[in-house]
J.: 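I have a structure here, written as structure tokens, and I will follow up with some questions on it.
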Amino acid sequence: QFSPNYKDGRNGMVHLFEWKWDDIAAECENFLGPYGFAGLQVSPVNENAVIGGRPWWERYQPISYKLTTRSGNEQQFASMVKRCNAVGVRTYVDVVFNHMSANGNSRGTAGSQADPGSKSFPAVPFSTLDFNPTCSITNYNDPKNIRNCELVGLRDLNQGNSWVRDKIVDFLNHLVDLGVAGFRVDAAKHMWPADLAVIYGRVKNLNTAHGFNAGAKPYIFQEVIDLGGEAISKSEYTGLGAVTEFRHSDSIGKVFRGKDQLRYLVNWGTAWGFAASDRSLVFVDNHDNQRGHGAGGADVLTYKVPKQYKMASAFMLAHPFGTPRVMSSFAFSDTDQGPPTSDGSNIASPRFNSDMSCNNGWVCEHRWRQIYNMVGFRNAAANAQLQNWWDNGKNQIAFSRGNRAFVAFNNDGYDLSSSLQTGLPAGTYCDVISGSKSGSSCTGKSVVVGSDGRANISIRQNEQDGVLAIHVNAKL
Ligand code: ARE
Ligand code: CA
């Protein structure tokens with residue numbers, strides 16, 4: 001449960017927030033597979049409450065474990081997972097089993113009816129016996145309150161109950177049968193680690209018919225928000241799987257917003273209070289904190305501040321620490337606003353511009369050249385160590401990944417222009433930030449590396465991007 005089960009040679013996952021299954025299947029074949037992405041996280045797959053105005057967060061209010069949502073039905077989901085696996089892209093499901101829907105939200109996306117007021121969810125079925133007694137989460141210093149009471153009014157399941165465990169395990173095993181590679185466990189902090197250990201322990205090994213190794217376990221990354229100062233710590237969960245490392249999101253935002261100097265990134269990793277590298281699912285922003293939900297806040301970087309966002313994303317993807325996840329958003333102004341629709345209720349498909357970027361309401365950060373080319377960088381760097389660290393004592397830094405890849409950043413208010421050790425073999429390389437390698441030429445800046453591994457690196461303060469990145473697969 002600690003390995004993402006990526007195919008060899010691939011790295012980097014993207015959260016295709018609120019995408020439809022048919023669109024994701026096509027995206028795997030047309031884009032994610034060809035550009036080297038290793039995996040994707042989907043929005044919750046199981047039946048959720050239909051809520052007026054169709055906010056994005058209705059998907060976090062389960063009605064049953066039937067696989068029908070606004071993203072599609074079970075057959076479409078199964079076909080998507082299969083098509084994505086066929087092109088080397090693994091699927092991770094956002095699973096919500098801390099709770100069911102809140103009072104008043106009774107009709108499901110698969111047509112099921114529930115009565116959350118009396119804790120009755122007949123399509124599972126769950127009845128009042130399967131839930132914790134009603135109380136509200138009011139005190140993040142009290143583990144019992146956090147784990148046995150209701151998060152924002154969501155009916156709180158008792159994972160200590162054997163029927164509840166059975167239903168959750170059946171749901172997870174059904175997804176494993178369909179070929180998924182792992183799970184994001186929503187609201188893990190609100191469940192007892194001992195209960196989760198039993199549930200995870202009963203989940204099947206991955207389905208070898210989908211190309212997984214015999215004995216491979218699902219990758220589990222648990223949503224545990226731990227910025228410190230509360231009763232529950234991520235270390236209670238890192239023995240069970242990885243955790244979503246919110247300190248990474250918080251710290252990288254502060255650094256690239258200029259509240260911390262780039263040179264301090266020299267010891268990026270556990271020294272910053274992060275969980276161990278193989279237990280940290282890392283991200284610049286997630287679907288909550290990009291819109292002010294959950295933890296974090298003012299310093300989180302999003303697509304709305306593109307220059308800093310691309311720099312932070314490039315740093316995350318270039319650095320060996322953690323398992324990185326790229327956010328792929330829809331454009332929003334209102335924090336409750338759901339995905340773009342064709343008619344107020346059916347989710348609209350993304351459309352693509354000639355430069356591969358999205359329109360029709362979708363932002364698709366994963367289709368920004370500076371981001372997908374850094375996935376290519378990460379794949380080229382493979383397991384090479386971080387070497388050749390350089391900084392100017394302020395906000396200009398550079399490092400190599402062994403002799404495979406080299407990256408530089410300029411977040412100072414003046415130009416970077418220096419002869420730096422790249423670690424790379426002599427030759428001319430294409431900067432995959434300002435352009436892409438196209439045949440034997442580069443659509444952006446070229447960098448000439450001498451026989452001593454040094455190159456003149458220039459990033460002007462007024463350039464569109466504050467990053468330069470070269471690697472062995474983009475040698476001209
Ligand atoms: C919505 C409405 C509520 C309403 C409720 C019930 O907004 O007003 O009462 O429905 O009808 C998402 C949205 C919620 C939404 C919910 C259900 O963000 O707004 O409620 O869906 O539709 C805590 C948890 C953490 C959680 C965050 C949001 O610890 O697990 O809050 N994150 C996950 C998902 C969310 C999702 C849920 C859980 C629920 O990622 O998308 O909610 O499934 C400190 C603590 C944190 C705490 C944070 C905020 O930082 O350390 O632990 O996060 O405060 O309270
Ligand atoms: Ca709970």
Side-chain angles (χ1 to χ4, degrees), residues 15 17-18 41 43-44 46 48-63 69 94-106 108-109 114 116-117 119 130-161 164-165 168 183-196 199 221-234 236-237 243-244 246-247 249-250 281 283 285-298 300 325 327 332 334-338:
H15 180 194
F17 182 50
E18 289 276 17
Q41 180 187 320
S43 283
N46 60 298
N48 63 264
V50 175
I51 293 178
R54 309 309 299 263
W56 62 269
W57 42 258
E58 70 169 40
R59 297 188 71 158
Y60 292 89
Q61 302 211 17
I63 293 284
T69 62
D94 191 350
V95 288
V96 184
F97 56 78
N98 170 62
H99 53 261
M100 300 298 281
S101 67
N103 199 1
N105 301 327
S106 56
T109 48
K119 302 185 179 175
D130 301 314
F131 292 84
N132 287 317
T134 305
C135 52
S136 300
I137 295 179
T138 51
N139 181 3
Y140 275 95
N141 290 315
D142 174 3
K144 273 197 180 145
N145 178 259
I146 297 169
R147 290 173 173 145
N148 293 347
C149 292
E150 295 179 346
L151 173 64
V152 295
L154 300 160
R155 294 315 204 185
D156 201 53
L157 285 165
N158 174 4
Q159 291 80 18
N161 171 309
V164 172
R165 286 179 176 175
I168 294 169
F183 306 107
R184 170 207 184 256
V185 179
D186 183 71
K189 179 186 195 169
H190 302 281
M191 296 184 273
W192 295 95
D195 291 337
L196 293 176
I199 290 166
F221 54 105
Q222 307 164 99
E223 191 221 8
V224 179
I225 300 175
D226 176 6
L227 293 169
E230 290 181 6
I232 290 174
S233 107
K234 63 195 169 202
E236 297 175 53
Y237 293 86
V243 292
T244 50
F246 278 80
R247 289 189 195 199
S249 171
D250 182 51
L281 186 287
F283 48 97
D285 60 333
N286 82 342
H287 73 278
D288 284 326
N289 70 15
Q290 71 170 190
R291 48 175 52 71
H293 283 238
V300 173
R325 178 183 62 193
M327 180 70 205
F332 63 90
D334 178 312
T335 60
D336 291 328
Q337 182 185 331

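Whatever order the structure lists them in is the order used to number ligands and atoms, beginning at 1. Note: hydrogens, waters and symmetry copies are ignored here, and every other heavy atom, side chains too, is used.
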J.: Checking a contact table here: which protein heavy atom is nearest atom 11 (O) of ligand 1, and how many Å away?
T.: Gln61 NE2, 3.1 Å

J.: Looking at the rings of Tyr60 and His287, which for Trp means the six-membered one, are their centres under 6.0 Å apart?
T.: yes

J.: Could you tell me, atom by atom, which parts of ligand 1 come under 4.0 Å of a heavy atom of Arg184?
T.: 34 (C), 40 (O)

J.: Which residue supplies the protein heavy atom nearest to atom 52 (O) of ligand 1, what is that atom called, and how far is it?
T.: Lys189 NZ, 2.6 Å

J.: Closer than 4.0 Å to some heavy atom of Ala102 - which atoms of ligand 1 meet that?
T.: 6 (C), 11 (O)

J.: Under 4.0 Å, heavy-atom basis, I'd like to know which part of His99 is in contact with ligand 1: side chain, backbone, both or neither.
T.: side chain

J.: Return the closest protein heavy atom for atom 40 (O) of ligand 1 as residue, atom name and distance.
T.: Asp288 OD2, 2.4 Å

J.: Which heavy atom of the protein is the closest neighbour of atom 51 (O) of ligand 1, given with residue, atom name and distance?
T.: Glu230 OE2, 2.5 Å

J.: Quick test: of every protein heavy atom, which one is nearest to atom 29 (O) of ligand 1, and how far off is it to 0.1 Å?
T.: His190 NE2, 2.6 Å

J.: If a pair satisfies side-chain hydrogen bond (donor to acceptor under 3.5 Å, both in side chains) and one of its residues is in residues 135-146, list it, with sequence neighbours excluded.
T.: none

J.: Starting from the C-alpha separation in whole Å, work towards a yes-or-no answer on side-chain contact (heavy atoms from CB on, under 4.5 Å) for Lys189 and Glu230.
T.: CA-CA 11 Å; Lys189 179 186 195 169; Glu230 290 181 6; 2.7 Å; yes

J.: Quick test: of every protein heavy atom, which one is nearest to atom 43 (O) of ligand 1, and how far off is it to 0.1 Å?
T.: Asp186 OD2, 2.8 Å

J.: Tell me whether Glu150 is salt-bridged to Arg155, with the criterion being a basic N under 4.0 Å from an acidic carboxylate O.
T.: yes

J.: List for me each residue that meets salt bridge (charged side-chain N to carboxylate O under 4.0 Å, His left out) alongside Asp130, sequence neighbours excluded, and say none if there are none.
T.: none

J.: What angle, to the nearest 10°, do the atoms OD1 (Asn98) and O (Arg147) form about the Ca ion (ligand 2)?
T.: 160°

J.: Measure from atom 9 (O) of ligand 1 to the protein's non-hydrogen atoms and state whether any distance is below 4.0 Å.
T.: yes

J.: Tell me which part of Phe97 gets within contact of ligand 1: side chain, backbone, both or neither, using heavy atoms under 4.0 Å.
T.: neither

J.: Minimum heavy-atom separation for Pro62 to Asn46, with atom names?
T.: CB-ND2, 3.6 Å

J.: Just to be sure I'm reading this right: ignoring hydrogens, which of Tyr60, Tyr140, Trp57 gets closest to atom 55 (O) of ligand 1? Compare them by their nearest heavy atoms.
T.: Tyr140

J.: Using side-chain heavy atoms (C-beta onward) and a distance below 4.5 Å, is Val185 in contact with Phe97?
T.: yes

J.: Taking all non-hydrogen atoms of both residues, which atom of Gln159 and which atom of Leu157 are closest, and how far apart?
T.: OE1-O, 3.2 Å

J.: For atom 18 (O) of ligand 1, what's the nearest protein heavy atom and its distance?
T.: His293 ND1, 2.8 Å

J.: So for His287, does at least one of its heavy atoms come nearer than 4.0 angstrom to any atom of ligand 1?
T.: yes

J.: Run down the list Thr335, Thr244, Val152 and name the one with the heavy atom closest to atom 6 (C) of ligand 1.
T.: Val152

J.: To the nearest 10°, how many degrees is the angle His190 O to the Ca ion (ligand 2) to Asp156 OD1?
T.: 150°

J.: Would you check if the Ca ion (ligand 2) lies under 3.0 Å from any N, O or S atom of Ile146?
T.: no

J.: Report the part of Ala187 in contact with ligand 1, treating N, CA, C, O as backbone and CB onward as side chain, heavy atoms under 4.0 Å; options are side chain, backbone, both, neither.
T.: both

J.: Please examine the side chains of Glu58 and Thr69, heavy atoms only from C-beta on, and report whether any two atoms are closer than 4.5 Å.
T.: no

J.: Check Arg325 against Asn286 and note the closest heavy-atom contact, atom names and distance.
T.: NH2-CB, 3.5 Å

J.: Flag Trp56 as yes when one of its N or O atoms lies below 3.5 Å from any N or O atom of ligand 1, and as no otherwise.
T.: no

J.: What pair of heavy atoms forms the shortest contact from Ile63 to Asn105, and how long is it?
T.: CD1-O, 3.6 Å

J.: Using a 4.0 Å heavy-atom cut-off, which part of Asn105 comes near ligand 1: side chain, backbone, both, or neither?
T.: side chain

J.: Search all heavy atoms of Ser43 against all heavy atoms of Asp94 and return the closest pair with its distance.
T.: C-CB, 4.2 Å

J.: Of the non-hydrogen atoms in Gln222 and Ala188, which two are nearest, and what is the gap between them?
T.: CB-CB, 3.6 Å

J.: Under a heavy-atom criterion of less than 4.0 Å, does Arg155 contact ligand 1?
T.: no

J.: What protein heavy atom sits nearest atom 32 (N) of ligand 1, and how far away is it?
T.: Glu223 OE2, 2.8 Å

J.: Looking at Trp57, does the NZ or CZ of Arg291 lie under 6.0 angstrom from its six-membered ring centre and within 45 degrees of the ring axis?
T.: no

